[in-house]
Amino acid sequence: MKIPFRHCLWPLVALCLTGCDKSRQHARATDEKPGPSVTKSSREPRGFSGVSPADAMRKALVRAESLADAGERDKAIVKVAWDAIDTDPALAREALAKITPGSVLKIPLIQHFAMRMADQDPDAALEWASTLESEREAAAARARIALVIADTDPARAANLLSEHGLANREFDVAVVQVLQHWAGKSPPDAAAWVAMFPPGDFRKEGIRAVVTQWTQDNPQAVFSWLADQADEGIRMEAGDAIVPRFLAQPQAIRETWLQHADPQVREKLSHAQRIPPQ
């Protein structure tokens, strides 16, 4: 029987491949220098130290603490805290405590911690806020906790701010947001709560927040509430808060608002309407 030519080639090809493979093995054995056997760790990708992420962050915190310059040390510790905040909250809180007292770098971390804790347990978050080193830090934490609480209990959130807040821009923003939540759920209650406060920036900003939200949902109810207010200061503050909302309406809507407003508020709105934009 005649064997095809290509079949005759296979033994020869196999022999050549075997020879080549042995030659390459010999060349590798010759080129490689003798040394210790290769372990798993030596085969790890370059840059992998074999240290767990938790241990790596712990070492990073130790290195950060060893820096001589206070500013650089705080920056390095803050970085560790942010890096650990999701994977190792306990280490992140430990890092937070090591930042220089009074450092402005602590405030964003405190705010973030406060909101995360409040999402899980508002009471535990408030207890933690009370342990912070300065009144400013505690107020910053409570302001963020109040924002979380406002989703379900805006009255409690508003009381928290009024009892523990510090007068600053962050506090004003928190008051506005909390009262907007409250006004969206129960505007008469929110308005009544704000109206109990004495004249000042807190009441003024609170009335503005409630009225702005309330006029968006039910302007007629705002005018009815305002007509019942005997306090001239509240009437003035509420009227001032209504003006921007009034001027933003089409003319037909403005006429409707003027019909529902009492004479004093109607005069204020009509006057604002006559003044050309600056």
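The first residue of the sequence shown is numbered 1, and numbering continues consecutively from there. Not measured: the values here are computed from a predicted model. Hydrogens, waters and symmetry mates are skipped; everything else that's a heavy atom, side chains included, is used.
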**OP:** Output the distance between atom CZ (Arg203) and atom CG (Asp231), rounded to the nearest 0.5 Å.
**Re:** 5.0 Å
Original post:
Do the ring planes of Trp257 and Phe223 sit parallel (below 30°), tilted (30 to 60°) or perpendicular (above 60°)?
Top reply: perpendicular
Subject >> Electrostatic pair Glu163-Arg142, nearest N-O below 4.0 angstrom >> reply: no
Original post:
Is Lys204 salt-bridged to Asp240, cutoff N-O under 4.0 Å?
Top reply: no
Original post:
Quick one: OG on Ser162 to CZ on Phe202, what's the gap to the nearest 0.5 Å?
Top reply: 5.0 Å
**OP:** Could you tell me whether Glu127 atom CD has more than 12 heavy atoms of other residues or ligands within 6.0 Å of it?
**Re:** no
Original post:
Should Asp123 and Arg156 count as an ion pair when the cut-off is N to O under 4.0 Å?
Top reply: yes
Subject >> Carboxylate-amine/guanidinium proximity below 4.0 Å for Arg144 and Glu137 >> reply: no
Subject >> No-hydrogen, no-angle side-chain donor-acceptor test under 3.5 Å, Gln264 and Glu232 >> reply: yes
Original post:
Got a second to check how far Phe246's CZ is from Ser270's OG, nearest 0.5 Å?
Top reply: 6.0 Å
**OP:** Show the numbers, then the answer: is there a salt bridge (Lys or Arg N to Asp or Glu O under 4.0 Å) between Arg274 and Glu267?
**Re:** CA-CA 11 Å; Arg274 291 193 297 268; Glu267 175 58 29; 3.6 Å; yes
Subject >> Pair Gln259, Glu255: side-chain N/O donor-acceptor within cut-off below 3.5 Å >> reply: no
Original post:
Is Lys98 paired with Glu65 through a side-chain N to carboxylate O contact shorter than 4.0 Å?
Top reply: yes
**OP:** Kindly compute the distance separating CH2 (Trp82) from NZ (Lys79), expressed to the nearest 0.5 Å.
**Re:** 13.0 Å
Original post:
At what distance, to the nearest 0.5 angstrom, does CD1 of Ile99 lie from NZ of Lys106?
Top reply: 6.0 Å
Original post:
With the threshold set at 4.0 Å, does a side-chain nitrogen-carboxylate oxygen contact exist between Asp262 and Arg235?
Top reply: yes
Subject >> Heavy-atom closest contact (Ala141 atom, Leu132 atom, distance) >> reply: CB-CD1, 3.8 Å
Original post:
Between Asp69 and Lys75, is the closest basic N to carboxylate O distance under 4.0 Å?
Top reply: no
**OP:** Hey, could you give me the CD/CD1 distance between Glu72 and Ile77, rounded to the nearest 0.5 Å?
**Re:** 11.5 Å
